[in-house]
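Heads up: numbering here begins at 1 and tracks the sequence. Values below: all heavy atoms of this structure, side chains included; hydrogens, waters and symmetry mates excluded. These numbers were taken from a predicted model, which means no experiment stands behind them.
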Amino acid sequence: MKALSITAQPKAEAAWVHRFRNFGEAVYVKLRASCAVDLEEIDGSFDEFHVTQLRDEDVAAAAQTVAALNREHSLHDSVFISISEAPVYHQTVMIVLDPTMGERLWEIAGRHPLWIVGSEVNRAAVKDFRDPDTPGQVDITVWSNEFDLVTEQDWQGILNTVDLHHGVYASDPPMNKLSIYGAAVTPPAIAVLREYGFEAVLPTASGFLALQEWL
């Protein structure tokens, strides 16, 4: 038996959850007769769901079906499909390096730990959520500075800080997926990500995904 893992970088737009779940429901309708697709998982999903119990002879056709639906729903610039022996589940940390993200942060906040570059507009967007007495706190950390992201040293600083808080010595389970906004894939970025075990780097419409567990 095989599994498909479908993971994504959410777009910072109000329609994201609706679009992603509609895509998942379309996958459910197409594949439910030949494998296991959990509609409850899909209806609660934000950036990941799974297709399991696929017979070896059905894997290629199922992956093609999901890929076609991905394109049909215009999510192919942010959603990726992997085939493996067992479903891959990710512990995600989101990193926003776009100094102009501002209020769009709230379209992606609240699901995973979120680290944000400390621009004036980004700080203004999170101001009301920094009060520890405010109900409904979300896990957000604002860096004190902005990054040029041109050297390995810049990326070393970012990855070292995030790893200290969410890596193998800080979290159980530790992070194995980074959803990075506002940065391009560059050789310095790839070099440092690989030092931290992120072998798969997938460009998206909003930046890129870096994954430790992806086949």
Side-chain angles (χ1 to χ4, degrees), residues 1-54 59 62-63 65-96 101 103-116 126 129 134-141 166 171-181 200 202 204-215:
M1 291 290 185
K2 295 289 193 299
L4 303 181
S5 299
I6 296 94
T7 200
Q9 181 181 60
K11 296 182 181 180
E13 58 184 36
W16 167 261
V17 171
H18 179 71
R19 291 177 62 197
F20 187 67
R21 292 177 183 175
N22 278 352
F23 160 60
E25 289 169 2
V27 170
Y28 171 78
V29 169
K30 288 284 189 180
L31 296 182
R32 61 183 173 179
S34 60
C35 56
V37 190
D38 187 343
L39 187 58
E40 185 174 343
E41 180 191 26
I42 289 168
D43 286 344
S45 65
F46 176 61
D47 60 353
E48 188 165 288
F49 65 89
H50 305 84
V51 176
T52 62
Q53 298 180 29
L54 275 162
V59 172
T65 296
V66 176
L69 290 170
N70 193 13
R71 292 190 297 271
E72 183 179 319
H73 286 255
S74 299
L75 296 175
H76 54 283
D77 59 358
S78 300
V79 176
F80 302 90
I81 304 154
S82 173
I83 301 171
S84 55
E85 296 293 332
V88 177
Y89 293 89
H90 289 103
Q91 302 299 317
T92 302
V93 175
M94 307 181 91
I95 301 175
V96 174
M101 182 71 82
E103 295 296 331
R104 290 180 295 132
L105 288 167
W106 303 118
E107 304 300 341
I108 60 173
R111 307 284 183 151
H112 306 297
L114 179 60
W115 290 70
I116 304 169
V126 303
F129 293 81
T134 300
Q137 288 287 298
V138 294
D139 187 354
I140 297 177
T141 303
H166 306 287
S171 296
D172 184 19
M175 65 178 183
N176 60 2
K177 172 184 171 184
L178 297 177
S179 184
I180 300 176
Y181 294 81
L202 310 174
T204 69
S206 305
F208 61 89
L209 290 177
L211 305 128
Q212 289 181 345
E213 298 181 44
W214 198 247
L215 302 173

- Query: Can Met101 and Tyr181 be said to form a side chain to side chain contact (heavy atoms under 4.5 Å, CB included), step by step?
  - Reply: CA-CA 9 Å; Met101 182 71 82; Tyr181 294 81; 4.0 Å; yes
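- For residues 8-29, the pairs satisfying salt bridge (charged side-chain N to carboxylate O under 4.0 Å, His left out) are Lys11-Asp77, Glu13-Arg19, with sequence neighbours left out.
- A distance of 6.0 Å separates CZ in Phe80 from OG1 in Thr204, rounded to the nearest 0.5 Å.
- A 4.5 Å side-chain heavy-atom check between His50 and Asp38 finds every atom pair outside the cut-off.
- Between Phe23 and Phe20, the ring planes are tilted. Angles from 30° to 60° get that label.
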- Applying side chain to side chain contact (heavy atoms under 4.5 Å, CB included), run through Asn70 and Ile6 and close with a yes or a no. CA-CA 10 Å; Asn70 193 13; Ile6 296 94; over 6 Å; no
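- Looking at heavy atoms from C-beta onward, Leu178 lies out of side-chain contact with Thr92 at the 4.5 angstrom threshold.
- Using cut-offs of 30° and 60° on the angle between ring planes, the pair His112 and Phe46 is tilted.
- The shortest side-chain heavy-atom distance between Leu105 and Ile140 does not fall under the 4.5 Å cut-off.
- With Met175 as reference, His166 is the one residue of His90, His166, Gln212 to meet the side-chain contact (heavy atoms from CB on, under 4.5 Å) rule.
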- Test side chain to side chain contact (heavy atoms under 4.5 Å, CB included) applied to Trp16 and Leu75, step by step: CA-CA 10 Å; Trp16 167 261; Leu75 296 175; 3.8 Å; yes
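- Proximity of Phe49 to Val27: side-chain heavy atoms (C-beta onward) are separated by under 4.5 Å at one or more points.
- Between Lys2 and Glu85 the shortest side-chain heavy-atom distance falls below 4.5 Å.
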- Might you work through the side chain to side chain contact (heavy atoms under 4.5 Å, CB included) test for Leu31 and Val66, ending with a clear yes or no? CA-CA 9 Å; Leu31 296 182; Val66 176; 3.8 Å; yes
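- Val126 places a side-chain heavy atom less than 4.5 Å from the side chain of Trp106.
- Between Gln9 and Ser179 the shortest heavy-atom distance is CG-OG, 3.0 Å.
- Taking 4.5 Å as the limit, every side-chain heavy atom of Arg111 sits out of range of all side-chain heavy atoms of Asp47.
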